[in-house]
Amino acid sequence: MDITLIGAPTEAGTPRRGCLMGPAALRTAGLAEALTALGHPTHDAGDVAPASATVSEAPNARLRHLSETAGWVRAVRTAVRGPLRDGRLPIVLGGDHSVAAGSLTGVMDVAPQTHVIWLDAHPDFHTLGTTTSGNLHGCALGLAAG
């Protein structure tokens with residue numbers, strides 16, 4: 001399978017610093033070379049930049065960086081569509097978990113019959129209204145599920 005790597009260096013969805021270094025760390029560690037060595041032609045599409053997004057009303061006063069996170073989700077959603085349409089496997093290099101909302105919705109845009117198995121230390125199934133921390137990295141699956 002041909003692979004496209006897409007970087008999403010954000011930490012907007014979490015109060016912890018350092019997540020934005022994830023894509024660079026994975027590249028430095030040789031992810032593309034390792035995938036190629038396994039027989040998967042790999043193209044690195046570089047990093048996406050957050051799209052413009054303004055959320056004027058937040059359903060929860062605790063939400064943090066809502067517009068910025070929405071911009072990252074929108075950018076990732078758009079970025080995964082092209083490789084999928086071309087028969088390539090997009091691999092999104094995050095950033096915090098919030099980018100998963102863009103990955104999942106982008107896949108559903110192109111291949112709505114796709115089944116997703118979510119493996120994580122926590123479910124990330126909060127919504128904008130149910131998160132008590134206000135950290136949007138805990139809302140990725142809930143947002144993608146609608």
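Sequential numbering from 1 along the given sequence is applied to the chain's residues. Not measured: the values here are computed from a predicted model.
Both L26 and L5 belong to a common hydrophobic cluster when Ile, Leu, Val, Met, Phe, Trp and Tyr are linked at side-chain heavy-atom distances under 4.5 angstrom. The hydrophobic cluster containing M108 also contains L84, counting ILVMFWY residues as joined when their side-chain heavy atoms lie under 4.5 angstrom apart, directly or transitively. Hydrophobic clustering places V107 together with L141 (ILVMFWY residues linked when any side-chain heavy atoms are closer than 4.5 Å, directly or through intermediates). In the hydrophobic clustering of ILVMFWY residues, with side-chain heavy atoms under 4.5 Å counting as a link, L104 and V110 come out together.
Remark: T78 engages R81 in a side-chain contact (heavy atoms from CB on, under 4.5 Å) (not counting sequence neighbours). In this structure V73 satisfies the side-chain contact (heavy atoms from CB on, under 4.5 Å) test together with T69, A101, sequence neighbours excluded. Remark: R74 pairs with A51, A53 by the side-chain contact (heavy atoms from CB on, under 4.5 Å) rule, at least two apart or across chains.
With hydrogens and angles disregarded, no donor-acceptor distance shorter than 3.5 Å links the side chain of D86 to the backbone of R88. No donor-acceptor pair closer than 3.5 Å links the side chain of H126 to the backbone N or O of C139. Using modelled atom types, no side-chain atom of T10 and backbone atom of A8 make a donor-acceptor pair closer than 3.5 Å. Formation of a donor-acceptor pair under 3.5 Å by the R16 side chain with backbone atoms of E11 is not found in this model.
Between T131 and R62 the shortest side-chain heavy-atom distance does not fall below 4.5 Å. Side-chain contact check for T130 versus F125: every heavy-atom pair is 4.5 Å or farther apart. Using a 4.5 Å heavy-atom cutoff, the side chains of T28 and M21 are not in contact. Residues D47 and P23 meet the side-chain proximity criterion, which asks for heavy atoms closer than 4.5 Å. You'll find the side chain of I6 stays beyond 4.5 Å of the side chain of V76, heavy atoms only. You'll find the side chain of L93 reaches within 4.5 Å of the side chain of L31, heavy atoms only. Within the 4.5 Å cutoff, no side-chain heavy atoms of D2 are placed close to those of H43.
Pairing each heavy atom of A12 with each of W72, the nearest pair is CB-CD1, 4.3 Å. Taking both residues in full, the closest heavy atoms of P50 and A75 are given as CA-CB, 4.2 Å, listed atom of the first, atom of the second, then distance. Of all non-hydrogen atoms in G39 and P41, the two that sit nearest each other are O-CD, 3.4 Å.
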Criterion side-chain contact (heavy atoms from CB on, under 4.5 Å) on L66 and L128, from CA distance to verdict: CA-CA 9 Å; L66 182 57; L128 299 181; 4.0 Å; yes
